[in-house]
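Each chain gets a letter, A, B and so on, in the order its sequence line appears, and its residues count up from 1.
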There are 2 protein chains.
Amino acid sequence: MKKRQLIERVSKEAEEDHAQPRLTRADWLEKALEMLIQNGIDAVRITRLADLLGVTRGSFYWHFADRNELLEAMLDVWQQSNTASVIQAATAPGTLQDRILALFICWLDPELFDPRLDFAVRDWARGDAALQAVIAQSDQQRMDALIAMFAAHGFAERQAIIRARNFYYTQMGYYALNVREPLSVRLSYVATYFETYTDEKLDPQAEADFRQKVIARKELWGDERIPAR
Amino acid sequence: MKKRQLIERVSKEAEEDHAQPRLTRADWLEKALEMLIQNGIDAVRITRLADLLGVTRGSFYWHFADRNELLEAMLDVWQQSNTASVIQAATAPGTLQDRILALFICWLDPELFDPRLDFAVRDWARGDAALQAVIAQSDQQRMDALIAMFAAHGFAERQAIIRARNFYYTQMGYYALNVREPLSVRLSYVATYFETYTDEKLDPQAEADFRQKVIARKELWGDERIPAR
DNA sequence: CCAACGCCATACAGTGGTGTATTGGAAGAT
DNA sequence: ATCTTCCAATACACCACTGTATGGCGTTGG
């Protein structure tokens, strides 16, 4: 699901025409998420957001009771975006190859899975046990979907777990290190990773289709969406 | 290298008797690192540290010029602890098996590699390009050591890179997700992971020795060093 | 023994953030 | 055409934190 849609849904507002003269709850929420991603939760200050939005704090306190309400809305957006995308890809119709490639798409398209948001939320949870529990639950849901995917294609329980962990942890590690590689380089690793995870060869035709699909999508998200973090 | 030693070295102070009536630069630094790990860089406030140390801020401004000097000292400690441990393990004498196991020890012993510090520093770098560059350099050094390790034991260039990435990213992903497992569970995965990374069987005797070694070390770091993050 | 140094307390000025109360004004509804 | 409703500006009280200036006091060395 598109993030802006989610933001508006969480804000309980209908999607309206752009170029509004006044702000909506969703506008504040969007800016706050942007701030969270770029500078961490402690940078999400009402004063600062008001400056960026070109209004005073008076506006904020009309849309939200207080800062806490904003934070809760932000968490709602996260909960309903990244995890849902992973699970959807892992349970996609088709062969194991189809599903793995769907997951690779997920890893590559920030509209489906935004690693910056994911890690910003994880950092946010530092020192907050309740939030950590929420995140752990989401991780468990993602892992369960991945384990089920491998298990459904012939891997025994323990093997499915190890493969799911390798698959998921490797990708999270990649994000955690904030690696910055051009898309072409990432694409060149796809076949090798696929074989590592599945012990099968990746069908060359499928790989070609995948490349084309990703490049077509890339047009949509624009050129430089590689996170500066 | 032990972290407290490093802290004192960075503070340019000799190790003294405990139970000092007055504080040293190292005491402030240690508390600040603790705060960074538990609550992030934005929680590293002079006022708060002073409260925790039971003194007023007057003490701080005797030991440090300003907050910035403290932050630089904290970064020095990180630079000289985690990365050094990884490189040392990866270049340890012996077979590939010896080195991999040395790295596993690293992953398990927070005195050698403290993942909480590592990720706290990564989070700190959010929105700070200069700091990101420092971290990227450390990551590169670690990766180079791992690639060289695999290459030195017969893996071709590309294979060595993929294996090093899998090895390192998987572990970083594990830490990033803040997984909390008992030591016994982690130990039970060692052999399987070893085989995944090397395509060799882990010598049962070596595995037994490893278990014993880790458990002996565990006595040293105490029981509950599993990060609450 | 007392003088200098090392470490800390106190007081002050300044900044940036929160939340509340009140007022102002433009768009839609009737 | 006026009357709500929605959104934003302004003003106020309050708190957390930084950094500086200065004074106090115990410890140590000459």
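Counting to the nearest Å, the P atom of C:dC7 and the CH2 atom of B:Trp28 are 13 Å from each other. What separates CG of B:Leu53 from C1' of C:dC7 is a distance of 13 Å, to the nearest Å. Summarising the geometry, the separation between CG on A:Leu70 and P on C:dG17 is reported as 15 Å, rounded to the nearest angstrom. If you measure from atom CG of A:Leu23 to atom P of C:dA26, you get 16 Å, rounded to the nearest angstrom. Counting to the nearest Å, the P atom of D:dA9 and the CZ atom of A:Phe60 are 15 Å from each other. At whole-Å resolution of the value, CG in B:Asp66 and P in D:dC17 are 17 Å apart. Atom-to-atom, CG of B:Leu52 to P of D:dC17 comes out at 11 Å; the value is rounded to the nearest Å. For the pair A:Arg57 CZ and D:dC7 C1', the computed distance is 16 Å after rounding to whole Å.
Distances from the side chain of A:Arg67 to the nucleotides C:dC8, D:dC17, C:dT18 place C:dT18 closest. For B:Trp62, taking side-chain heavy atoms from C-beta onward, the closest of the listed nucleotides D:dT20, D:dA8, C:dC7 is C:dC7. For A:Val55, whose side chain is taken as the heavy atoms from C-beta onward, the closest listed nucleotide among C:dA9, C:dG17, D:dA8 is D:dA8. Taking every side-chain heavy atom of A:Ile46 into account, C:dT18 is the closest of D:dC17, D:dC7, C:dT18. Of all nucleotides listed (C:dT18, D:dT18, C:dC8), C:dT18 comes nearest to the side chain of A:Tyr61.
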Going through the checks in order, is the side chain to side chain contact (heavy atoms under 4.5 Å, CB included) test met by B:Val214 and B:Val190?
-> CA-CA 12 Å; B:Val214 168; B:Val190 163; over 6 Å; no
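Side-chain N/O atoms of A:Ser59 include none lying less than 4.0 angstrom from OP1 or OP2 on D:dA9. B:His63 has no side-chain polar atom (N or O) that falls below the 4.0 Å cut-off from OP1 or OP2 of C:dG6. Close to D:dT10, at under 4.0 Å from its OP1 or OP2, lies no side-chain N or O of A:Thr56.
Among residues two or more places apart in sequence or in another chain, the ring pair (Phe, Tyr, Trp, His ring centres under 6.0 Å) test is passed with B:Tyr169 by A:Tyr174.
Counting all heavy atoms, side chain and backbone alike, A:Ala32 lies closest to A:Val44 at O-CG2, 3.7 Å.
Both tests pass for B:Arg165 against the ring of A:Tyr189: distance under 6.0 Å to the centre and angle within 45° of the axis.
Taking the six-membered ring where the residue is Trp, B:Phe167 and B:Trp107 present tilted rings, their angle falling between 30° and 60°.
Position along DNA chain C of the nearest nucleotide to A:Asp51 versus A:Ala65 favours A:Asp51 as the more 5'-ward residue.
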